[in-house]
Amino acid sequence: MQDRTGNSVGRADLDDVFTEAAKNQYRALFSTVMAEYSSRVSKRSLGVIEELFSLGIMTGGMLLLRVLAGAPTHHGMPIIPFVVSGLVLFWMLRTTMFRVATFKSAKAAFKNNPRVTALDVLASRAILNTAFYVVLAYPIFGLMYLFGVSPPVHDPWAMFLLMLLMGVWAFSLGLCFGALFLYVPFARTVVQGMMMAVMWTSGILFIWPEAPYMFRGALYYNPVFHFMELMRTVYFSSYITAMGSWYYIGIVVSVTLAFGLMLERVVRRRAESTVQRVAATEESFDGEGL
Amino acid sequence: MQEGRSSVVTLDQDRKPRVRGSGAIELHGITKTIGLRPRETLVLNGLDAIFPRGRAIGVLGAPGAGKTTLIQLLTGNLRPDAGRVIHGMSVSWPMSARDIFRKEMSIRANVRLLSTLYGAWAPDMIDAVKEIGKIRRQDLDMPIGELAPDFMIRASTSLCYALDFDCYITDDMLCLGARPFRDTIKELMLARQKTHSFIIASKSAPAIRDLCDDFYILEDGVIKTFGDRRATFKAFTGVALTARLDPRGEARDDEF
């Protein structure tokens, strides 16, 4: 193999190029994750507090519904961990997805930094949000166990894997919807409304045996419902899902990720299109004043 | 590179000692449009150029000629629609960029971020920024948005020099800020001209005539040369280049 100047290129050179590229990618991702973290929580923690508050309101509302209905358990699963486990997973999907579906602002934050691409920023947002919910979930589940309102998590490692898969899927969906929002901005509002509908119909408050027969066909292919069923299976030792499939969500996540990455590549030019100048003004430069 | 009135400029790449970088920056058949249909504008049209290492090169262009786009392509911040950019040396970010730092973060956090990105040791970079930019310790941890704009300029320019790129790329503004800081940067720049490369895109030829070894003209989406520095300058400004002090104190072979 030869390079552009005609010199032979050995395996070691190619390995070196790959290693350097991998190092650069790692540096870019690490830096952007830290920058996003810093923006989000270091100086003003309002974003995190708001997120926790909205999750808390939703959880409280759902629990209140169940308590008022006089149903403290759900098929042997205590209602508090039942609702909380479902909502944490769904909230992670919802917030990660909308954080990723922001192509314009992604590169704008690092507008003049050639080492950071929009995809780096989007990936870092997904990593940060997924980590946030994973770090949030385990202490919450631990506290519920300590206060006696929940059994211990049945399979914490499987739960971790499930949350990671949800993070990747949310990132992939964010890429797909981000591409759509670039061309149809008002679709964001439609999708936000749609997500509320998905929340109520995807198993946060019910499990497969309770699903009406007429909707089971749709539920069977609903990946969110598979996630919810698996979440209850890995959380509660007393529940084994009859339909939740790791294989199915693996396929869904892989296909969505591939599709999302392709879409991001297709619309990148539009997302990065700008006529802004590097310098804010074009004042004449005074060489004497250098 | 297109010829103007005479043949392509011959460049002596070995004029300076210990020049940084392993090769030139090469642009081959670069085409770039800005904006989206139906208002997209063809800015660069099949541009070919080689920016050799160890030279200070001035790219002259009228407003709207595509200098900013060229700078963004050279720094790798934009991708060409067609053609290839080959970097034989590490390049800085556009030094004139005022928003390289994030305003919600402190100077220290920004320096850490960029040091990590460029694989440099952050504590050394923070020390260098403090020293070059004359930034006091108590200002390092304040969010940049709460400091005077001068701090961001001093910090980002200082970091750009501290990171020791092979090639520094800038738009019209070489350095902003207060006079003492500009003097510091001037000294740094002149010291580095012996070993580093500079590419300065400007619409003002007199402003950069003493800083650059060679001039190219960006016009009609391509880079043109007119034989030598003097002829290129004249072609752009319409006036002859007059002798001025060489800022490096070196004898120029084309002084007149």
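First the proteins, then the strands, lettered A, B, ... as listed; each starts at 1.
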K103(B) versus chain A, the contacting section by heavy-atom distance below 4.5 Å: neither
Interface moiety of D81(B) toward chain A, non-hydrogen atoms closer than 4.5 Å: side chain
Heavy-atom proximity to chain A below 4.5 Å, by part of R112(B): neither
Contacting region of T33(B) [heavy-atom separation from chain A under 4.5 Å]: both
T32(A) (side chain) donor-acceptor with L29(A) (main chain) under 3.5 angstrom: yes
Atom of I34(B), atom of L78(B) and distance for their closest heavy-atom approach: CD1-CD1, 4.3 Å
Sub-6.0 Å ring centroid separation between W91(A) and F132(A): no
Test log, rule ring-ring contact (aromatic ring centres under 6.0 Å, His included), inputs F103(A) and F181(A): CA-CA 9 Å; F103(A) 288 9; F181(A) 298 161; 8.9 Å; no
I100(B), part contacting chain A, at a heavy-atom distance under 4.5 Å: side chain
Note: R102(B)-E36(A) ion pair, threshold 4.0 Å (strictly below): yes
